[in-house]
Amino acid sequence: MKVLATYNIKGGVGKTSTAVNLAYLAAREGRRTLLWDLDPQAAATYLFRVRPRVKGGGHALVTRQRPIEAALKATDFDNLDLLPADFSYRNMDLELDDTKKRTRRLGQLLDSVAGEYDVVFLDCPPSISLVSENVMHASDTLLVPLIPATLSIRTLDQLTRFVADSQGSRPEVVAFFSMADRRKRLHREVIDAMARDRTRVADTVIPALSIIEQMAERRAPVPAFAPTSRAAQCYEQLWAEVCPR
Amino acid sequence: MISATRVLQAADDGPLELESIVQALSAQFAVSTGSKQLIRRRRLDTFDRRLRAAGLTLEHQITAPGERLVLGRADESTIVVPVKDLRWPALADVLPAGPVRDAIAPLIGIRALMVASDERRRLRRLELLNDDRKTVARVELDESASAAATPAQVTVARLRGYDDQARRADRLLAALGMRVVEVEQGVDQEPVSGATSGPDRGVPATVILSAALSDFLLTMRENLPGLLDDVDTEFLHDFRVAVRRTRATLKLGRPALSEVMRSRWEPAFKSLGDLTTPVRDLDVYELDLPTMSRWLMTAEPTDLDALAAHLRKKRMVARRALVASLRSARFRQLIRQWGQELTGLVDAPQDTDREILSAGELTDQSISRAYRRVARGGALIRADSPAGQLHELRKRCKELRYALEVLAPLIDQGARRRVVADLKGLQDVLGRFQDTEVQRRAMRGFAEEMMSEGTSAGAVLAMGELIGHLDVEQDRARREFDAAFARLQRPSSLQLMGRLGGGR
């Protein structure tokens, strides 16, 4: 089982869109796929039309009062399940803080479904917190969407340092540009100037396209409702770059 | 993912009305009705049903929008993979890389996937939706599209985390008078076993011999089409094993069988076995090539490409001859007459000057004789014994092994299993010794043939390395012989043999 997390300290950069679309593509090619919506805003859960509720909340999951399997929901797509968000996840840091091996608990929870899935996506809330530390330890790959702006590069540097400073196994950090608009000079300059040697940066750029915004309206992944669209092709290219072999 | 499915059909096996089903389900769900689709479902498995034995089902589904493979697992979950233009029979390497191939390939090994059943169905999918327009259960109205197919059915697929909704759908359909039917695991039948189950030691020996020989004949007949079509190499292998077992059974059954078995049928099956040997030997070389390429120390694996091509060419020629023989009127007559011979075996009058031998008596005599031959042959092996002497001992071991298998229903199972384990150890050592002996000689022969055809020095040098490795392997097997034979001769094994009749 390979774990990929879409993560950025900043919000509104395309984490959820990426997690939802890549999870759909992984499942479409036959991989048994799970998406865990860790963000209490529950955007990924909403996009899959699942109710954002986990019986017993984050507390029951983290303390293992309820097995993770009991909270899983099938999506409308073959091979793709969702572990929904719950508003109580806003307190997940506190829940994790009360556990033994507090930075490893999410990874331990995922171990219990390791035999059932080939790929797990973690859609993370925008913060640096105990949840983030858990995500670092649980993930094989950290997918970092970046809006092409100067501050984004700074954020990536912060994140790279954070990963480098963390104890134990560290995920591979793969950044990619998201919501890019080639018509904007700044976007073009940032994308072209990005020092590719500072960390791995995917060749694929996800453009700012209205069809991606339509996901919220259609409540489905882009490749499901617009399979030949440019956005779908971009996500397919990105998946081809980052998918575990 | 789908966590389970339930199949229902009308109580009177009559037709299913879409309208009434939708109306019933609409009481609790929004129902999205898909268009009618013609679907072709090909259930796949190996000839020896390895997927079924592992609790897996694999379906190649073909519909107008596309094709897909659906792997069903023992826990009732499924994996669906889109595919294109798959043709059967085929080996696992045609499956797309991913979880389906990962699950199937280790199970089927070198066996081909074949179509075990093939049906065309008219299908209409209904999505049961909740208030968020989320699918919470799937219902498939599955109407027969061919006269031979099963009655119209409704399948309710439970989606993970939505079990309650699927149960509600079940109840609504049950209220329409539908009943749950068993989910068929496949339409293919269990292989018929001709082996006797627990016969009386007092029955005539011909009864148990006839049952075993009929079983082997059935195996030959079952494997013949796959062998002729070259579906995979195991068809020929299993055919040969059945022939070999037939020969061994005829030999051990001599005291109970008529003279014609010895004078006619023993040579006939020897000829049949010999006929199949060249292709099987070449199959083994081809199958072993990937392993052999890992033995190379200085040569490159690609240096063996010429050998692979040479083997393929030789196999094609040998197979053509084999197929011609197996399609001949002579072979068909042989098999037909052998079937008739077996039918008459139990009822045939015994030689008047011979008492009717019971199954128990034959068991004691033949296991005892087969074991004595192994013990005597093994004791004669010295450090300088020629390879041929070890080969003879290997044949005696096979005879003992077949006797223990054919007569298994009449002997102590626990003792048999433990003796067979020791015997297998000895057979493994002798097998490796003999195989390397044959392979070394064959490799030299191939090299000479290839050189006369102008093959590269690299290919010949690589084959030289293989011969060197085979030498080492043969020496190793030879060194292991004494310990393997001693295990069969230790007091506890002798005691077990005594319980099986071998101590007499």
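When reading the values below, keep in mind they use all heavy atoms of this one structure, side chains included, and skip hydrogens, waters and symmetry mates. Per chain, numbering begins at 1; letters A, B, ... match sequence-line order.
Scanning residues 81-111 of chain B against chain A with a 4.5 Å heavy-atom cutoff picks out B:V81, B:P82, B:P99, ordered by number. Residues of residues 49-68 of chain A having a heavy atom under 4.5 Å from any heavy atom of chain B, listed by number: A:R49, A:V50, A:R51.
Within a 6.0 Å sphere centred on CZ of A:R230, heavy atoms belonging to other residues, nucleotides or ligands number 12 at most. No more than 12 heavy atoms of other residues, nucleotides or ligands lie within 6.0 Å of CZ in B:R133, so this atom counts as exposed by the packing criterion. Heavy atoms of other residues, nucleotides or ligands lying less than 6.0 angstrom from CD of B:Q37 number more than 12. For A:Q41, the CD atom is loosely surrounded, since the number of other residues' heavy atoms within 6.0 Å does not exceed 12.
A donor-acceptor pair under 3.5 Å is absent between the side-chain atoms of A:D78 and the main chain of B:V80, judged by distance alone.
A:D76 contributes atom CG, which lies 3.5 Å from atom OG1 of B:T135 (distance to the nearest 0.5 angstrom). Annotation: the span from A:R32 atom CZ to B:T78 atom OG1 amounts to 11.0 Å, rounded to 0.5 Å.
In this structure, B:K134 fails the cation-pi test against A:F48, since its NZ or CZ atom is not both closer than 6.0 Å to the six-membered ring centre and inside 45 degrees of the ring normal.
In this structure, A:E116 pairs ionically with B:R160, as a charged nitrogen and a carboxylate oxygen lie closer than 4.0 Å.
Residue A:D118 touches chain B through its side chain alone, counting heavy-atom pairs closer than 4.5 Å.
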